Amino acid sequence: MNVLFRAQASRQVVVRAALMFVAVIGLAGCDQMMNDRYSLDMRYPPRSDPVFKEATISGEELQYPDRPGQLPILSLANAEDPENPLFKPAKAGMLLAPSKANAEARKNLNESLEKVFGTPARPKVAPDSELAGTLQAELQLDERTLRRGSRLYRIQCLHCHGLSGDGRGPTAFWVNPHPRDYRQGVFKFTSVTLQQSAQKPRREDLLRTLRQGIDGTSMPSFGTMTEDELQAIVSYVIHLSMRGEVEYQVLVELTQNPSLAKPETSVDEWIAGLARYWLDAQKPENEIIPEPYPFALHPETDAEKVAIRDAVRRGATFFADAQVGCVTCHTDYGRNAKFRYDVWGTLTKPADLTTGIYRGGRRPIDLYYRMHSGINGSGMAAFKDAAVKSGKVKSLWDIVKFVEILPYPAMRNEYGIHID
Amino acid sequence: MQKYWSVLFGAVITAAVGLFVVAPFMGWWLPRNVSSFGGDVDLLFYLILGITGFFFVLTEAILVYGIWKFSSDPTRKATYTHGNHKLEVLWTIVPAGILVMIGIVQVRTWENIKYQSRMPRPGANTQQIEVVARQWEWRIRYPSPKRMASWRSDPRLAQDFGAVPHQDDVHVPNELHVWRHQKGEEPQKVLVHLKTRDVLHSMKLVNLRLMQDAVPGKTIPVWFMVEEYNTSLHPETGRWVDGFDPKTGHWNQKDYVWELACAEFCGTRHTAMKGKLFVHKNRDDFLEWLKWAEAEDHRRTPAVPSTEP
Amino acid sequence: MSVSIPHEAGAHQHPQLSFLRKYIFSEDHKVIGIQFMFSGVIFLMLGGALALLVRLQLGWPHAQVPILDKIMGDGSAGGRMGYDTYNMLFTMHASVMIFFVIIPLLTGAFGNFLIPLQIGAPDMAFPKLNMMSYWFMWPAFTIILISFFAHGGAASSGWTSYPTIASISMPAGQGFESPAQAGSGWGQILWLMSLIFVGISSMMGSVNYITTIINMRCSGMTLFRMPMSVWSLFITAILQAFALPVLTVALFLQLMDKTLNTSFFLPPGTLNFGNWQTGPGGGQTLLWQHLFWFYSHPAVYIMILPAMGMVSDVISTFSRKPLFGYKPMVYSITGIAGLGFIVWGHHMFQSGMDPRLGTGFMLATIMIALPSAVKTFNWLGTIWQGNLTLNTPMLNALAFVSMFVIGGLSGIFMAATPVDVYIHDSYFIVAHLHYVLFMSTVFGIFAGIYFWFPKMFGRMMNERWGKVHFAITFIASNGVFYPMHILGIAGHMRRIADPEQYQFLKPLMPINEFMSISAFVLGFGQFIFLANLFYSVFWGPKSGRNPWHSNSLEWTAPSPPPHGNFESPPVVYRGPYEYSSPEGEEDYLPQTTPPGETKPAGEAVPQHA
């Protein structure tokens, strides 16, 4: 900080002091108004919206998503109503109402959650075991970082993602796709080889989403914030997700087993289990390592161009395969794709691949990740094995290359792809 | 006693004038200007401020003095007059003359900033950037280093940048990178192709004294030229960080953080639709950054674990 | 001074009307005027409350406000005001203040009350039309209030409702919410409907005013013997008559865009809002801005001219001096009205409109400052060598003059296109418009209410509390709006909920805090006025016919004037501003005093100072 700026700051201190004097007279008793953090007496609200016994994806296809102002699952009031799109005979009994759980047990659950995870103003991840130290060190879940994250989250993220990370902030109902509900513990865009049910994102995955935003949705880029601010937000999001998922899993147990009166032990068990998932995801050996990129970056020679052309054609063949190919969902390259329910109970649709807008990121490596491990919770499957086994492509890069050129008419011409 | 009401008027007016005197010293004033035409805008601003300030003080002084001097006095009768033709003519002609003068002197600056005829032509020496506004961020597209090199060999290739995106173009959200123009050298103008995907937005760069709405269905050309720079490769993070003061060589100087704001109401998160302007020292530094950004935007290998700050 | 109370013969000549016909569905222009006045005052409270909430957010953008956090946000809002709520607040603040406070108060209340009385007519030309013009406001009132409870809240796109954020609609059959933002759905539709009613109401009023002023002036009341209030209301009515149809058409077009999936304001091509897509349209986004400002720029003058007229009357009366330059004043108003129709483009300098067109609009805009300057100098000329009575109406009128100077001069910055490039849509414009619409018009309205209150209700308002109210309002309102100039110069954008998002705005937060505190002082200060108003209606001291020793015709009628206004049709012998004339013994000479007589007829009670 140079001298000039410090001088300016001190002048502002004087002005602020004078104004505070006026403010104190005018607004005596409203001391809370001056803060830029959550008030100390604020608590995470206990989960009241329905939980799934088992997250499933509806196969029904719809022309339009839910209308602005709606979130498909808002209450259980009409869960059993045949008019409710979520009601399926197969699904009956899948939706569970937290209110059906034992009131005493729910209170205990909240207390033990607060003991471990703190409050919005004083967030922490402090399970009563040796795990605490590992979590705080390896996932940067120490209290200082979390407090900073909580303040930034309150300013930047709260109005969409909500106080408890439930994706139900005041704005959430009016943007479509809806903001992510972290409490399911499922994150769409990951670069982890683990199987989907255990798949947590790496910190880099969350950072990428913050830096690049999610094009095509209302999630903007936060790349202009500093590195450590972003890191703090990532830590706080992990905190919210762990807290929410523990609550979610224990609530599933409670609603199914009303006699379970002491949920503390369940809380501890779930924390231990989830912490392992989160820690595993961060391990370098579980990161997706793609084959080396087989093509020239800027093809000049004929041989390089022919190699790409062949790859693109292989990718196109796999894409169009009626059995396992992409076209089964990305109808007409995604231009005619229909909406389906995802595991959060919101509507989503396969991407339109002709627009050049990729929610998971437009870098070739992002496309590779998506094809390799799928998009968690959305119905986009992992194609790592299916694609290579089909014998139609040499590696996933063939499909990536094909998808990369789809939005560009000049390149489609060059490589002889016709999509109209 | 009635005349003391003039003190109230006088005090408020004095406070008003005082605020304008004090504000520049408190840092509550025009932000640092770094664009080529910003100086003209500021000059015009100060010219109008001088003229209006003079007439403000004049009329308010007459008013306050009038209230003091002519407040009720039972021993006196008001002067009976319906007006004064000469005065009317005088106070019509003089302001009219001043206003016409203000009107005429600004035309050139306005032409310079906004007229299509003044826009730089796409070519080898024009920096071209596509800025696409959407709810609620700026998605910015740069030509790849390869594409820029091709413009050097054949300037005609630069014509289609605004209309035709290429697969190897570089996309960086919310960061507007350009390079500096050095006084006395060949002009280094920036041509922005401004678009929007959904509603009205407005690109406002206070340090450039520039603002232009983005209108759905239209591509609006915007040009500017920056005469200072504010970014340099930060040796610790390996990234180009703004807030760089060339004189001291320090980063994070508030005077050198130049923000890009949305100034036309665009919905819920309008308030946070912000970006940053990064000005590089010269074309070479910009190209170096562009290569780095291209590598990031077209990354084909896993990210190197980010270094802890 | 002789005191004589003439027998109020005219008061009971009309048949007794039922309470309903007399006070509710009244055709009497005075009752309608007072109805407009109270409606306006009630909506002023609503608009003011919205403004305070806006200031609350801006002063402490990250604050958790006790009590309000429970009302404003749901459980997941974390005690903060949501951005959508904020957007709704500033939109509805402007809409309510402009369409439900200023226009009804100026043209509705004062237009109705003053025109027949000041030109010596028994009533409006079309009393039933007049009643309809008030009762067409009621659907508007109702709809705009309902819109606060609409799905998604009330309109949130700013009072200008620019497409495409305001006009975007869902694909056919997918409901009337908006994919662009919460408040652009039902709230926007209701906003459009409400404004259409306001427009129809104003239209009927303006036709009535024009007809009345042209046809129903009493004997001797030539055009150039009309008080400035009537002149300004006359010009205002003409402005409304010509400009309003354009707005009404624009409102209908946007309403069709929103409900019938037309695409007048949708550009060719599709627009993307996450999972929703609209279009392809084939219309023009900028068309709305042209239509809207073709009305709304003249509307700016609709919102200031009547106040100018009333202030002229008040200043002349309490300076005990003829209005300086009566005819130049009239020509200025006419000039403002004429030029007002060819300057709308200055709202669109940065909109993507051809900048060459901007040059033309700039020159016209610069010149519109001229008539305003002439008016200001004439007011100063009126005060000069007068004998000022500094009572509440006069103080408010003087505040109008001194604040209008600020509002007028700051307009020149925006008119200068290159400077506008920088300060467009910044707080500088917010300061400018509040100096014109709040600091000028509202002080003009206060002056008018304090001045004509005795004529409306036959009672005086409390002078001491009036002065306290004036002092608080004058100081606090400058505290709110003056620093906005500084914010604008420093680049503070308007319509942003959280200035702390930007580094270059962070140093300005102390100013924002100061303004918010001033705003609360200002807001709560208005309760003094309300208390004074309602108390005085019932318990104020009786005023008599002419408490201010004023010259114009309304003061020769009883207070309050009966149905039909005057005991006998008045005859006018001179202009309305013959104060301190050497012809008369007193320092005033009413318009009805025949030449040769030196004393004003009628009662005269001691002047309230």
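Here the structure is a predicted model, which means the values were calculated and not measured. Proteins get letters first, then strands, A, B, ... in listed order; numbering begins at 1 in each.
Interface remark: of the candidates C:Ser332, C:Gly358, C:Gly491, C:Gly491 forms the most heavy-atom pairs closer than 4.5 Å to chain B. When each of B:Lys274, B:His270, B:Glu111 is scored by its heavy-atom pairs under 4.5 Å with chain C, the top score falls to B:Lys274.
For C:Tyr326, the part lying near chain B is the backbone, with the side chain staying farther off; criterion is any non-hydrogen pair under 4.5 Å. If you measure heavy-atom distances from C:Ser184 to chain B, you find no contacts under 4.5 Å at all. Interface residue C:Ile383: backbone and side-chain heavy atoms are both found under 4.5 Å from chain B. Heavy-atom distances place no part of C:Pro371 under 4.5 Å from chain B, backbone and side chain included. There is no contact between C:Tyr86 and chain B, counting heavy-atom distances below 4.5 Å. Contact annotation for C:Asn478: only side-chain heavy atoms (C-beta onward) come within less than 4.5 Å of a heavy atom of chain B. Residue C:Ala415 touches chain B through its backbone alone, counting heavy-atom pairs closer than 4.5 Å. With a 4.5 angstrom heavy-atom cutoff, C:Leu323 touches chain B only via backbone atoms. Of the two parts of C:Asn378, the backbone and the side chain both hold a non-hydrogen atom closer than 4.5 Å to a non-hydrogen atom of chain B. Contact annotation for C:Phe90: only side-chain heavy atoms (C-beta onward) come within less than 4.5 Å of a heavy atom of chain B. Proximity to chain B involves both the backbone and the side chain of C:Leu398, based on heavy atoms less than 4.5 angstrom apart. Of the atoms belonging to C:Ile168, not a single heavy atom falls under 4.5 Å from chain B.
B:Gln106 is not listed as a side-chain neighbour of C:Val419, based on a closest heavy-atom distance of 4.5 Å or more. With a 4.5 Å cut-off on side-chain heavy atoms, B:Val12 and C:Tyr482 do not count as touching. Annotation: side chain of C:Gln289 is in contact with side chain of B:Leu200 (closest heavy-atom distance under 4.5 Å). The shortest distance between side-chain heavy atoms of C:Asp425 and B:Met211 falls below 4.5 Å. Contact check for C:Thr359 versus B:Tyr115: side-chain heavy atoms found under the 4.5 Å cut-off. By the 4.5 Å heavy-atom criterion applied to side chains, B:Glu264 and C:Met493 are not counted as neighbours. In this structure the side chain of B:Val100 reaches within 4.5 angstrom of the side chain of C:Met367, judged on heavy atoms.
Under the 6.0 Å cut-off for aromatic ring centres, C:Tyr422 and B:Phe37 do not qualify, their centroids lying 6.0 Å or more apart. Between C:Phe474 and B:Trp5, the gap from one ring centroid to the other reaches at least 6.0 Å. Two rings, from B:Trp91 and C:Phe324, have their centers less than 6.0 Å apart. Between B:Tyr65 and C:Trp384, the distance separating the two ring centers is shorter than 6.0 angstrom.
With hydrogens and angles disregarded, a donor-acceptor distance shorter than 3.5 Å links the side chain of B:Thr271 to the backbone of C:Asp498. Judged by distance alone, with hydrogens and angles left aside, the side-chain atoms of C:Asn387 form a donor-acceptor pair with the main-chain N or O of B:Arg76 at under 3.5 Å. C:Gln385 contributes no side-chain N or O that, together with a main-chain N or O of B:Ala78, makes up a donor-acceptor pair within less than 3.5 Å. Put simply, the side chain of B:Trp28 never gets that close to the backbone of C:Leu508: no donor and acceptor are under 3.5 Å apart. Although no hydrogens or angles enter the test, the distance criterion places no donor-acceptor pair under 3.5 Å between the side chain of C:Gln503 and the main chain of B:Glu259.
Ring-plane geometry between B:Phe20 and C:His485 is classed as tilted, the angle between the planes lying from 30 to 60 degrees on a 0 to 90 degree scale. The aromatic rings of C:Phe413 and B:Phe45 lie tilted to each other, with the angle between the two planes from 30° to 60°.
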Checking side chain to side chain contact (heavy atoms under 4.5 Å, CB included) for the pair C:Phe377/B:Thr92: CA distance, chi angles, key distance, verdict? CA-CA 9 Å; C:Phe377 292 135; B:Thr92 309; over 6 Å; no
Run the side chain to side chain contact (heavy atoms under 4.5 Å, CB included) check on C:Asn272 and B:Arg134 step by step: do they pass? CA-CA 9 Å; C:Asn272 294 295; B:Arg134 69 179 196 97; over 6 Å; no
Under the criterion side chain to side chain contact (heavy atoms under 4.5 Å, CB included), I'd like the reasoning laid out for C:Phe504 against B:Lys254: C-alpha separation, chi angles, the key distance, then a yes or no. CA-CA 8 Å; C:Phe504 72 101; B:Lys254 305 243 156 142; over 6 Å; no
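No side-chain donor from either of B:Gln2 and C:Asn391 sits under 3.5 Å from a side-chain acceptor of the other. With no hydrogens or angles considered, no side-chain donor-acceptor pair links B:Asp213 and C:Ser351 at under 3.5 Å.
Closest non-hydrogen pair, B:Leu63 versus C:Ser402, comes out as CD2-CB, 3.2 Å.
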